[in-house]
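Throughout, a chain's letter reflects where its sequence line sits, starting with A, and its residues are numbered from 1.
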Number of protein chains: 2
Amino acid sequence: MPLIKTNYIFITKIIIINFTIMKRKVTLKQIAKELDVSISTVSKSLRNSLEIGEDTRLKVQAFAKFYNYKPNNIALSLKNRKTKTIGIIIPEIVHHFFSTVINGIEQVANENGYSVIICLSDDSFDKEVLNMEMLANGSIDGFIMSLSKETQFKGDFHHITEVIDQGMPVVMFDRVTNEILCDKVIIDDKLSAYEAVQSLIDKGRKKIALVTTVDYVSVGKLRTDGYIKALLDNNIPFDENLIIKIEDVDTCEIIIGKLLEDKAIDAVFAVNELFAVICIKTANKIGLNVPKDLAVIAFTDGIISKYSTPTITTVSQSGIKMGNKAAKMLIERLESEHEDEEEENYKTEVIETHLIERESTS
Amino acid sequence: MPLIKTNYIFITKIIIINFTIMKRKVTLKQIAKELDVSISTVSKSLRNSLEIGEDTRLKVQAFAKFYNYKPNNIALSLKNRKTKTIGIIIPEIVHHFFSTVINGIEQVANENGYSVIICLSDDSFDKEVLNMEMLANGSIDGFIMSLSKETQFKGDFHHITEVIDQGMPVVMFDRVTNEILCDKVIIDDKLSAYEAVQSLIDKGRKKIALVTTVDYVSVGKLRTDGYIKALLDNNIPFDENLIIKIEDVDTCEIIIGKLLEDKAIDAVFAVNELFAVICIKTANKIGLNVPKDLAVIAFTDGIISKYSTPTITTVSQSGIKMGNKAAKMLIERLESEHEDEEEENYKTEVIETHLIERESTS
DNA sequence: TTGGTTTACGAAAACGTGATAGTGTTGAAA
DNA sequence: TTTCAACACTATCACGTTTTCGTAAACCAA
C-alpha cells in the first residue's frame, strides 16, 4: 500500500517543518519546496487538475490541508484584476438609515463572496474625493455611494466621472444627482412626501408646516416638492412662512419654536425623524399636545420614531432593501462586464416606501 | 529651450494616445512604452530618484500627471506584504454604539493612511469565523473586533488564536474575553455600573431593579456584578427577583411589565438604553411617573436616551474614543512589528465613562 | 524499431510595483 | 593613452497566484 507509506513519511516530515516555519501563512512556493515538486504542480493539485497524478495530488492536498493553506487574496486580486471588494462611500455611519443600507449591502455582498470596504466622507467634499481616489487605485471593483452634502452643494462631480471613465462601475443611492450617468437606487421622495402630507390632510389637518433641509440636499428638495404638490392638489393655500429649512441641527430648536408660535398650525411634516422629535419636544414645551393639537409625521423610519413619546408616524424607506438592491446592481454589472463591454444601459431603481402609522398622528 | 520643445512633442503625443488607450488606469509599463524608456526609469522618475536625468524625470512626471497615474494598491500590497487595511468584525452595524466605534476607528485609520474593511457577524459564530478567515488571507494587516454573542456563549475562540498565531495582530473591544491574549479596549463595566447604581442610592432610591442581558454576554455580566456590589456596599439587601435577564428584545416588554408590578421598586438600572426606554414606556402604561415614581438609568449613551421622553440618564461610554484607541493600538503594533519581533506586551486600555444626568433621574 | 499518443510534471509568463544590481557612455585625472 | 568615477539608464528579481506551453518518460500500435 504505497499510499499509506507516503502518508507516513509525509507526517513525520510535517512535524519537523512545523518547528522551523511555525504557523505563519504557507505559500505555494513553500509547499512546493517541502514536497520537492514545482509550484505549478502544487497549484494544479489543489485545484484538482487531472494533469497531476493521483499520488502527488493527494499528497499535496493533505499537506496543504494540514498547514491550512489558503490562497493569498492579494495575489489573486492582482492576477485576476479584480478584488471581490465593494467600496462604500457614505456621509456618516452613526446614522440609522446609512447603517441600515450598509447592512443591506453587506448581506448581498457576502452571499456573493464580496467584502465591503467603507469610507466616510463626513459630508465633506474633500474627504469624499480623497477616499474615492484611494479606493479607485485597485482596491475595489466598484462603488456604492451616497453624496456628501458639500458635494451636492458644490455640484462638483468630477471625481465620480473619473472613476466611471476608468471603467469602474458606480451605484448611487439616496442622495444622487442627475448629472452623473450611472445605476441608482432611490425612493420616490416626491411621491412619498406627497402621500405623507395627503394622509395629514385626510385626517382633517388644515395648516401643515414643513421642516426640511436646505435645498441643495437633493432628497430635501424633492420632499419639499411633494409637500407643495399635495397642498396645491387639495386647494390648500401654500404659505412660504410654513416652510423652514434647517441648516444646523444644533440650533434648530429655536427656529422650530418660533414656527410653532403660530397656533393655527395643526400638523408638521418633517423630512427626517430628528426634526420630528425635536418638533414634538418643542411642542410639548409650549403646551401643545401631540397628536391632539399637532400631528407630526416624519420621513425615514428609524429608532427614534419607534421609541419617542409619542411614537412617530413615519414614511419608511427600507435601507436594507436599498442596500440589497444597490449591491445586486453593482455585482450584476461587475460579473457581466466581461461579456459585453460597456453597454451603458443604466437603470434607476425606485424602492417602495410605506407609511407607518403611530401615535403622533391619529 | 529644449524643455519646451520636449513638452511640445510630448503634448501632441498624448492626444494621440488619448484616443487609443482611453482613460483606463495607466500602469508604469504603459508609460514606459509610450515614452520609450524602461519601467525602472519611470518608477524612479516618479519617486524623484536622482539616478534619473532631469529631462527624463520631468518628462515622465508630466506624462504621469496628465494621465493621473496612481500606483496600483494591490500591486503595492503584494510587494510590501502589507495592505494598509484594517479589518473590523462586529456583531451588528445598525447599532449606535458599534457605529460610533467604527467612526472612531475610521478617523484614526484615515489619518494614518489606512482603510477599513468591515464584516458583520450578525452575532453568529459561523459568520464570525468565516469573515475572519476571508480577511486573514492577505486582505488586511490586522483585526479590530468585538465578539459575537454566540462566540461568547460557545467560548470557542480558535479562529482568533489562529490569526494571532499567524502573526496578525488583533485588538478586541467591548465584548472581549480573557481567554485570548491580545490588546484590548474596554470600559470598566463593573465600576461604571457601580457608580450608576450608587448615584441612584444617593438620590434616595431604595429598591433598585436591574434589567440586564443573559450572563454569557461579558459586559452584561460585569455590569450585573457592579450592580450587586453597589447594593452590598450600601447594605441594601440583594434580591434575585429584582434582576431580570433579557434574552429576546421583542418579548421583553412583558417581562419588564411583570417586574414593575412590584410598586416598591423605585428605580431601574438597565444595561442598555433600549431596555431603559422600554422600561419607561411600560412604567407610563401602568401609571407610573418617571422619574417621580421610578428613576431610570441606562448604560450606553445613544440617540434614544437623548430624544426619549423623559430623556434618560446614562452611563456614557464614548465609542469614538474606544475606536480611536483601538485603531491607535493596532496601527502602533503594525508599524513597530518590524523592529522588534513578537514582543508580546499586550495592553488592556480602559476608557473612562461618565454619568450624563438627564430627566429620568432627579 | 519507429512513430505517435498519453501521462505527469515543470518552466515561464503575467498581474503592477519597487529595489538591487548591473551596464554602457562620457569625462576627467593620472 | 589608460583608469576610474560619475552619470543615466536598464535588466532582473520578488511578492503569490494561475495558466499556457513545453517536454521528458512511458506506453502502444504498426
Side-chain angles (χ1 to χ4, degrees), chain A residues 2 6 21 24-61 64 67-85 136-141 166-167 338, chain B residues 2 6 21 24-61 64 67-85 136-141 166-167 338:
Chain A
T6 316
I21 64 171
R24 295 262 164 186
K25 274 273 158 212
V26 201
T27 65
L28 288 184
K29 195 195 270 190
Q30 287 166 21
I31 297 180
K33 195 176 171 191
E34 284 309 322
L35 294 182
D36 213 45
V37 291
S38 76
I39 297 178
S40 344
T41 304
V42 177
S43 175
K44 283 173 186 164
S45 298
L46 295 178
R47 338 207 100 247
N48 258 318
S49 161
L50 294 175
E51 279 185 69
I52 307 299
E54 204 186 5
D55 266 14
T56 321
R57 219 169 58 220
L58 293 178
K59 189 174 64 177
V60 171
Q61 284 175 2
Y67 271 102
N68 194 25
Y69 168 80
K70 295 275 167 55
N72 181 299
N73 280 334
I74 298 294
L76 285 179
S77 295
L78 182 60
K79 180 141 202 7
N80 302 332
R81 257 109 123 257
K82 56 182 172 187
T83 60
K84 284 277 189 176
T85 303
N137 298 324
S139 302
I140 60 162
D141 295 341
Q166 280 169 15
H338 303 284
Chain B
T6 316
I21 65 171
R24 294 264 165 183
K25 272 274 159 214
V26 201
T27 65
L28 289 184
K29 195 195 272 191
Q30 288 166 23
I31 297 181
K33 196 176 172 191
E34 284 309 323
L35 294 182
D36 214 42
V37 291
S38 77
I39 296 179
S40 333
T41 305
V42 177
S43 175
K44 283 177 182 157
S45 298
L46 295 178
R47 337 205 103 245
N48 259 317
S49 163
L50 295 174
E51 281 184 68
I52 307 298
E54 204 186 4
D55 267 15
T56 322
R57 219 169 60 219
L58 293 177
K59 188 174 66 178
V60 170
Q61 285 175 1
Y67 271 102
N68 192 24
Y69 169 80
K70 295 276 166 56
N72 181 299
N73 280 334
I74 297 294
L76 285 180
S77 296
L78 184 59
K79 184 159 192 358
N80 302 331
R81 254 104 127 262
K82 58 182 170 188
T83 59
K84 284 275 187 177
T85 303
N137 299 324
S139 302
I140 60 164
D141 296 340
Q166 281 169 13
H338 304 285

Nearest non-hydrogen partners of A/Lys84 and A/Asp141, listed with the distance: N-OD2, 2.7 Å
Spacing of B/Leu46 atom CG relative to C/dA19 atom P, expressed in whole Å: 12 Å
Test log, rule side-chain contact (heavy atoms from CB on, under 4.5 Å), inputs B/Ile52 and B/Thr41: CA-CA 7 Å; B/Ile52 307 298; B/Thr41 305; 3.9 Å; yes
Between C1' of D/dT19 and CZ of A/Arg81, the distance in whole Å: 14 Å
Considering all heavy atoms, the nearest A/Ser77-A/Thr83 contact: OG-CA, 3.6 Å
Sugar-phosphate only, base, or nothing, as touched by A/Ser43 at under 4.0 Å among non-hydrogen atoms: base
Sugar-phosphate only, base, or nothing, as touched by B/Leu28 at under 4.0 Å among non-hydrogen atoms: sugar-phosphate
Donor-acceptor contact present, side-chain A/Ser43 to main-chain A/Ile39, <3.5 Å: no
Distance-minimising heavy-atom pair for B/Asn68 and A/Gln166: ND2-NE2, 4.4 Å
Nearest-angstrom distance from the residue atom CD of A/Gln30 to C1' of D/dG16: 10 Å
B/Arg47 side chain, from C-beta outward: closest of D/dT19, D/dG16, C/dA19: C/dA19
Whole angstrom value for the distance that separates P of D/dC15 from CG of B/Asn73: 20 Å
Distance, rounded to the nearest Å, where B/Lys79 contributes NZ and C/dG16 contributes P: 15 Å
Donor-acceptor contact below 3.5 Å, side chain A/Asn72 vs main chain A/Ile74: yes
Euclidean distance, atom CD1 of residue A/Ile74 to atom P of C/dG16 [Å, nearest integer]: 15 Å
Rounded interatomic separation in angstrom, taking CG from B/Leu76 and P from D/dG16: 15 Å
Heavy-atom pair with the smallest gap, counting every atom of B/Gln61 and B/Ser45: NE2-O, 2.9 Å
Just the atom pairs and distances: protein N or O near nucleotides 6-10 of chain D's N or O, under 3.5 Å.
from   : atom 1 : to      : atom 2 : distance (Å)
D/dC9  : OP1    : B/Thr56 : OG1    : 2.6
D/dC9  : OP2    : B/Gly53 : N      : 2.7
D/dC9  : OP2    : B/Thr56 : OG1    : 3.0
D/dC9  : N4     : B/Glu51 : OE1    : 2.4
D/dT10 : OP2    : B/Ser38 : N      : 3.0
D/dT10 : OP2    : B/Ser38 : OG     : 3.0
D/dT10 : OP2    : B/Thr41 : OG1    : 2.1
D/dT10 : O4     : B/Lys44 : NZ     : 2.6

A/Lys70 NZ - D/dT18 P separation (whole Å): 14 Å
